[in-house]
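In what follows, a structure is listed as structure tokens, so that the remarks can point back to it.
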There are 2 protein chains.
Amino acid sequence: MEFKHQATVTLAEVADAAGVGESTVSRVLRNHGSFSGKTRDRVMAAVERLGYVPNRIAGTLASTGSRLVAFVIPSLSNIVFPDVLRGASAILEENRYQAVFSVTDYDPEKEEALAAAMLAWRPAAVMLAGYEHTEGTVKMLRASGCRIVEMLDVDGDALDMAVGFSNRAAGRESAAFLLRRGYRRIGYVGHDLNRDTRAGKRFSGFCETLGAHDAPLADREILAGASSVENGRLGLERLLARTPDLDAVYFSNDDMALGGYFHCLARGISIPAQLAIFGYNGLDIGRATPQPLSTIRTPRVATGQVAAQLVVTNAPPQVVDLGFELIEGATA
Amino acid sequence: MEFKHQATVTLAEVADAAGVGESTVSRVLRNHGSFSGKTRDRVMAAVERLGYVPNRIAGTLASTGSRLVAFVIPSLSNIVFPDVLRGASAILEENRYQAVFSVTDYDPEKEEALAAAMLAWRPAAVMLAGYEHTEGTVKMLRASGCRIVEMLDVDGDALDMAVGFSNRAAGRESAAFLLRRGYRRIGYVGHDLNRDTRAGKRFSGFCETLGAHDAPLADREILAGASSVENGRLGLERLLARTPDLDAVYFSNDDMALGGYFHCLARGISIPAQLAIFGYNGLDIGRATPQPLSTIRTPRVATGQVAAQLVVTNAPPQVVDLGFELIEGATA
DNA sequence: CATGAAATTGGTAGCGCTGCCAAAAAAATC
DNA sequence: GATTTTTTTGGCAGCGCTACCAATTTCATG
């Protein structure tokens, strides 16, 4: 088997080598249309011999519709997005689609620029996080004619398709759970809510339910920057310094909550007797801590899977609510 | 159900609308070649008016060399790879390159299939993890003529370029550190080493140094499946059940080590007096635990950045060793 | 003004493939 | 064996853009 270095073999060369026409090679390779077994063998032998690799750029240009799926995600540091990508890429690979991605850093303007760059690749679909986009992004996506999937949120109007769960409801249920357990002096530790609008929706649902039960949020500590274990720890420390008599704290997610948990471990604050901790996401690590973290488990991988499934099946516009699960754990 | 694709605006239509030739529009849009300010304004106005989005598929086919960079990575669950992607995607975006990815699940055969699929997009470069590839993968990559970057390992011969650090040296230094601290009864808890060959190299370097100091590995517990906090916890439990008199345990990475740490917290095993714990990766969470984790911090994001930089600058073949940093922490 | 140099511009041949159509070959039917 | 039907095949026009080259305009300069 010879491979020519750097000289790209074209379909025409394969056709010559196999002694057949170009379209025949194309049909064999795509297993589309009809051809005899003998022809197929001859073509495949030539492909093998020449080390031919089809050029999908050319193929996509010639045919209608690409097999590229574009992901425009806020971050790769927040485990949520790798999880979504993981779910989606498995489905996409099975269906011979190719995933392309860009990271917006939670910046709507950057999202617009990156979405535009993505559309230049004429993807079959664009997958985004949530419903909050600039006017320009919306207009561009609409005009593109490609499928759009907004992921990880269902609290709003979908441009085309949406897959996820209600962040607002997650916030409400978290509050209801804490109230049922008898906590009344409840605080919040979160990260930048303007950027992470889904965290903002959870917080707003949380406060709504607290308010409805005459137990308004006692105090809050919002840290600038991304969510992290360290920020969670720091946030709880500051919150307790200001408002020591809290009996429960809701965190913007499990990373932050783990930081809070570690703070309590380090300071000898007994959980949940002295202070209850509640998170969001249902990370694996939260189940392996000495006391399993009380949290809400979200279908992150499934969100990616379903989103990809909708795209590969070219499903009609729809919103899929995958729900979430409250994990009682031992910290609340 | 049928979905109409909107009629996409082409460069030719923009040219007509602006009253100029196609090549002029192309030059203006790419800011390449010369054109007058007046022409540029006319073209940009037409682009704006028609909502033209260039078709990069066509552009790539017509020109030589694409601006796609293909990542073929083992996993998205192991934070290492999102971190690498994060570093790389920032650099690539700045340089108007587009990242494409596939996930191999640590399966070399799947890596070969996915690499082949990637090459069909004629990427500027293919970025892989480590040096262990099938013969077919190597042959194909060599023949492709595109740049190749092997990441996260420098213990071997690079196909073209490599960026990372020595896993073997990391293992050796970890062992040396534990020996310096006086630990002699040392165990190991790891995950599937056949698949994660870099973890295998660390382990082998670790054992080598132990052996050289007459303190051979006392016992080991290898868990099937991927690394996880839960597996680390389980692994340490099993290891200690079998060999209770260990004074230190080396884990295949920080996830596993955290599991071990939590096991000790839950069982009241005092760290590091009764048992020392040493990890690998330098995750943020390991710095926020009540006792900071003793571990080796690896330049994951930088690996991605440098790898991307090499590609966008079309650097000559080379191996870049970014090194690593031993963090003493408080668990060993 | 003339003349050559420099800056702009447009025309057009591909890039490598797919989709359509007609031609050829093979199989089925009378 | 002639005819019809079915299966296989090849030719070729694009897909939308870029690269190259030649044509045109503008600018300097004597």
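Every value quoted in this text rests on a predicted model; they were computed, and no experiment measured them. So you know, we letter chains A, B, ... as the sequences are listed, proteins then strands, and number each from 1.
- Taking atom CG of A:N31 as the reference point, atom P of C:dT18 lies 13 Å away to the nearest angstrom.
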Name the pairs: protein N/O against N/O of nucleotides 23-28 of chain C, kept only if under 3.5 Å.
none

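- Here the options are A:T104, A:T134, A:D105, the test is side chain to side chain donor-acceptor pair (under 3.5 Å), and the partner is A:K110; only A:D105 passes.
- Taking atom CZ of residue B:F35 and atom P of nucleotide C:dT9, one finds them 9 Å apart after rounding to whole Å.
- Residue A:K201 forms a salt bridge (charged side-chain N to carboxylate O under 4.0 Å, His left out) with just one option from A:D196, A:D155, A:D153, and that option is A:D153.
- Residue pairs meeting the ring pair (Phe, Tyr, Trp, His ring centres under 6.0 Å) criterion with at least one member in residues 118-149 of chain A, sequence neighbours excluded, do not occur.
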Between the protein and nucleotides 10-12 of chain C, list every N/O to N/O distance that falls short of 3.5 Å.
unit_1	atom_1	unit_2	atom_2	d
C:dG10	OP1	B:G21	N	3.4
C:dG10	OP2	B:G21	N	2.6
C:dG10	OP2	B:T24	OG1	2.5
C:dG10	N7	B:S23	OG	3.0
C:dG10	N7	B:R27	NH2	3.1
C:dG10	O6	B:R27	NH1	3.2
C:dG11	N7	B:S23	OG	3.4
C:dG11	O6	B:S23	OG	2.9

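- Geometrically, A:R40 does not engage A:F35 in a cation-pi contact defined by less than 6.0 Å to the ring centre and at most 45° from the axis.
- Nearest approach of B:A18 to B:V43, heavy atoms of both residues: CB-CA, 4.1 Å.
- Rounding to the nearest 0.5 Å places CD of A:E150 at 9.0 Å from CD of A:E132.
- B:V80 pairs in a side-chain contact (heavy atoms from CB on, under 4.5 Å) with only one of the listed residues (B:L85, B:L152, B:T298, B:I73), which is B:L152.
- Where DNA chain D meets chain B (any atom under 4.0 Å from a heavy atom), the bounding nucleotides read 5' to 3' are D:dG16 to D:dA19.
- Using modelled atom types, one finds no donor on one side chain facing an acceptor on the other under 3.5 Å when comparing A:S23 with A:S26.
- For the segment residues 40-68 of chain B, the set of residues with a heavy atom within less than 4.0 Å of an atom of DNA chain C comprises B:L61, B:A62, in numerical order.
- Rounded to whole angstrom, the span from the NE2 atom of B:H32 across to the P atom of C:dT8 amounts to 15 Å.
- In the helix from C:dC1-D:dG30 to C:dC30-D:dG1, the rotation axis of the first five pairs and that of the last five pairs differ in direction by 30°, rounded to 10 degrees.
- The minimum heavy-atom distance between B:L119 and B:C146, with the atom names listed, is CD2-SG, 3.8 Å.
- A side-chain N or O of B:R27 and one of B:T24 form a donor-acceptor pair less than 3.5 Å apart.
- Under the 4.5 Å side-chain criterion, counting only non-hydrogen atoms from C-beta, A:P299 is in contact with A:F165.
- Summary of the strand contacts: B:S34 and B:R122 both lie near DNA chain C, and taking for each the nucleotide with the nearest heavy atom, the more 5' one is attributed to B:S34.
- With hydrogens and angles ignored, the 3.5 Å screen pairs a side-chain donor or acceptor of B:D192 with a backbone N or O of B:N194.
- A side-chain contact (heavy atoms from CB on, under 4.5 Å) with B:V69 is found for one member of B:V311, B:V312, B:I91, B:V100 and no other, namely B:V311.
- No donor-acceptor pair closer than 3.5 Å links the side chain of A:R195 to the backbone N or O of A:A226.
- Defined by atom type and a distance below 3.5 Å, a donor-acceptor pair is present between the side-chain atoms of B:S77 and A:R86.
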